[in-house]
Enquirer: 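Quick one: this structure, given as structure tokens, is what I'll be asking you about.
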2 protein chains.
Amino acid sequence: MLTIGTLSKKTGTKVQTIRYYEQIGLMPEPGRTEGGQRRYDNAQLDRLSFIRHSRQLGFSLDAIRELLDLSDHPNRSCHEADAIARRQLKQVDQRMARLKALRTELKRMVHECSGGRTGDCKVLEVLRDHSECLTEHEEIGA
Amino acid sequence: MLTIGTLSKKTGTKVQTIRYYEQIGLMPEPGRTEGGQRRYDNAQLDRLSFIRHSRQLGFSLDAIRELLDLSDHPNRSCHEADAIARRQLKQVDQRMARLKALRTELKRMVHECSGGRTGDCKVLEVLRDHSECLTEHEEIGA
DNA sequence: GCTTGAACCTCTAGCTGCTAGAGGATGTAT
DNA sequence: ATACATCCTCTAGCAGCTAGAGGTTCAAGC
């Protein structure tokens, strides 16, 4: 039986985050001691590791909820899991493409900075005038 | 003189967002009609465009605050603006590197999916067991 | 001048995915 | 018995918006 602190260390998840996952129903309610402290078993350790790893791969908590559900039913078709992963891959591809465009723009800005007064600063000038941009980058939150 | 709605259309910023920027002090308090409606001039249009464009390039609102401040003082050295842009570029580079690692992993997951039962699903298996990963990807929020 | 209706106003609450802190109870080692 | 690390719940906060309720104002058409 693991305390929440031990689980925290083993998975690299903050204690507060574990409680948060329980609150939103991603982690099941664990057993408690007489005094009311949470105690976890290995199944729960596995589940949290799964969540953690999925987060590291960028899956949203909603997607993880679906993936966990699929994982709990080994006889269903894995078609859905595959679809979720593909969706995630697509998102990553899109984000990378956007970042690439931003990078180009940023590089150009920095490259052209002559180190003089802010009045002549290329960095600020580019920010002032979108028309100077070589690439389109309409989306925010890349 | 522009209404908030016109400003919104011209900059592609939602009306609520413009009011939010005013609330946090990123946009100045505009003039008002007798009835209390906001009216903007071209200086404010420029300022919002600057903010918008900076957001598109991924700058945080705090960074933008600094950049705006620098932009308001044309005689200062542009060293700081350059530093902010370089910092941003570095962040973009880091995010891209992380995304690249994630992409590799996701691609592998999806590629190995055989389309059978979830019990044998490679996607879920990889999520279950981090040790199967070829790359490290410790950071979240890539 | 009057009516209509789109656009404006303020205020509050919500989103994702946590994180931090207050104020107090529990568990374990000595 | 005592110390003190860890646990508990609860509330509020972070970025950066977004949405909705409930009410007012503006401008155009008649």
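Values below: every heavy atom of this structure, side chains too, minus hydrogens, waters and symmetry copies. Small disclaimer: the values here were computed from a predicted structure and weren't measured. Lettering follows sequence order; numbering is per chain, from 1.
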Enquirer: To the nearest angstrom, how far is B/R32 atom CZ from D/dT24 atom P?
Expert: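 In whole Å, D/dT24 P lies 16 Å from B/R32 CZ.
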Enquirer: Can you find a side chain N or O atom of B/T17 that sits less than 4.0 Å from OP1 or OP2 on D/dT18?
Expert: yes
Enquirer: Are OP1 or OP2 of C/dG17 and a side-chain N or O of A/Y21 less than 4.0 angstrom apart?
Expert: no
Enquirer: What's the closest nucleotide to the side chain of B/I4 if the choices are C/dC8, D/dC17, C/dC18?
Expert: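 The nucleotide sitting nearest to the side chain is C/dC8.
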Enquirer: Using only side-chain N and O atoms of A/R38, determine if any of them is under 4.0 Å from OP1 or OP2 of D/dT6.
Expert: no
Enquirer: What is the distance, rounded to the nearest whole Å, between atom CG of B/L7 and atom P of C/dA7?
Expert: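 Spelled out: CG on B/L7 to P on C/dA7 is 15 Å.
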Enquirer: Quickly work out the A/E22 CD to D/dC7 C1' distance and round it to whole Å.
Expert: 13 Å
Enquirer: Indicate, with yes or no, if A/I64 and B/V110 share a hydrophobic cluster defined by side-chain heavy-atom contacts under 4.5 Å among Ile, Leu, Val, Met, Phe, Trp and Tyr.
Expert: no
Enquirer: On DNA chain C, compare the nucleotides closest to A/K14 and A/G35; which residue's is nearer the 5' end?
Expert: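 Result: A/K14.
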Enquirer: Among the nucleotides D/dC7, C/dG17, C/dT26, which one has an atom lying closest to any side-chain atom of A/T33?
Expert: C/dT26
Enquirer: Could you tell me how far apart A/Q23 (CD) and C/dA20 (P) are, to the nearest whole angstrom?
Expert: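 Between P of C/dA20 and CD of A/Q23: 16 Å.
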Enquirer: Quick one: which of C/dT10, D/dT6, C/dC18 gets closest to the side chain of A/Y20?
Expert: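 Among C/dT10, D/dT6, C/dC18, the one nearest the side chain of A/Y20 is C/dC18.
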Enquirer: I'd like to know if the side chain of A/R87 reaches the main chain of A/Q91, judged simply by a donor and an acceptor atom lying under 3.5 Å from each other, with no hydrogens or angles considered.
Expert: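 A pair under 3.5 Å: no.
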Enquirer: In this structure, how many angstroms lie between the P atom of C/dG17 and the CD1 atom of A/I18, rounded?
Expert: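 Rounding to the nearest Å, CD1 of A/I18 and P of C/dG17 are 17 Å apart.
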Enquirer: Just the rounded figure in Å: distance from P of D/dC7 to CD of A/Q16.
Expert: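 In whole Å, D/dC7 P and A/Q16 CD are 11 Å from each other.
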Enquirer: Round to the nearest Å and state the distance from B/L2 atom CG to D/dC26 atom C1'.
Expert: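 In whole Å, D/dC26 C1' and B/L2 CG are 16 Å from each other.
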Enquirer: Closest to the A/V15 side chain: D/dC17, C/dC18, D/dC7?
Expert: D/dC7
Enquirer: Could you check A/E34 against A/R19 and say which one's nearest nucleotide on DNA chain C is further toward the 5' end?
Expert: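 Comparing both residues, the 5'-ward one is A/R19.
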Enquirer: Would you mind reading off the distance between B/D62 atom CG and D/dC14 atom C1', rounded to a whole angstrom?
Expert: 11 Å
Enquirer: Examine distances only and state if a side-chain atom of B/Q88 and a backbone atom of B/G58 form a donor-acceptor pair shorter than 3.5 Å.
Expert: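 Yes: the side chain of B/Q88 pairs with the backbone of B/G58.
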Enquirer: Can you see if the side chain of B/T3 gets near the phosphate of D/dC26 - specifically, an N or O under 4.0 Å from OP1 or OP2?
Expert: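 Checking D/dC26 against B/T3, no side-chain N or O comes under 4.0 Å of OP1 or OP2.
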Enquirer: Show your reasoning for whether side-chain hydrogen bond (donor to acceptor under 3.5 Å, both in side chains) applies to B/R76 and B/H73.
Expert: CA-CA 6 Å; B/R76 282 207 230 151; B/H73 298 89; 3.3 Å; yes
Enquirer: Between B/R47 and B/Q44, does the side-chain hydrogen bond (donor to acceptor under 3.5 Å, both in side chains) criterion hold? Intermediate values first, please.
Expert: CA-CA 5 Å; B/R47 195 177 173 93; B/Q44 278 151 322; over 6 Å; no
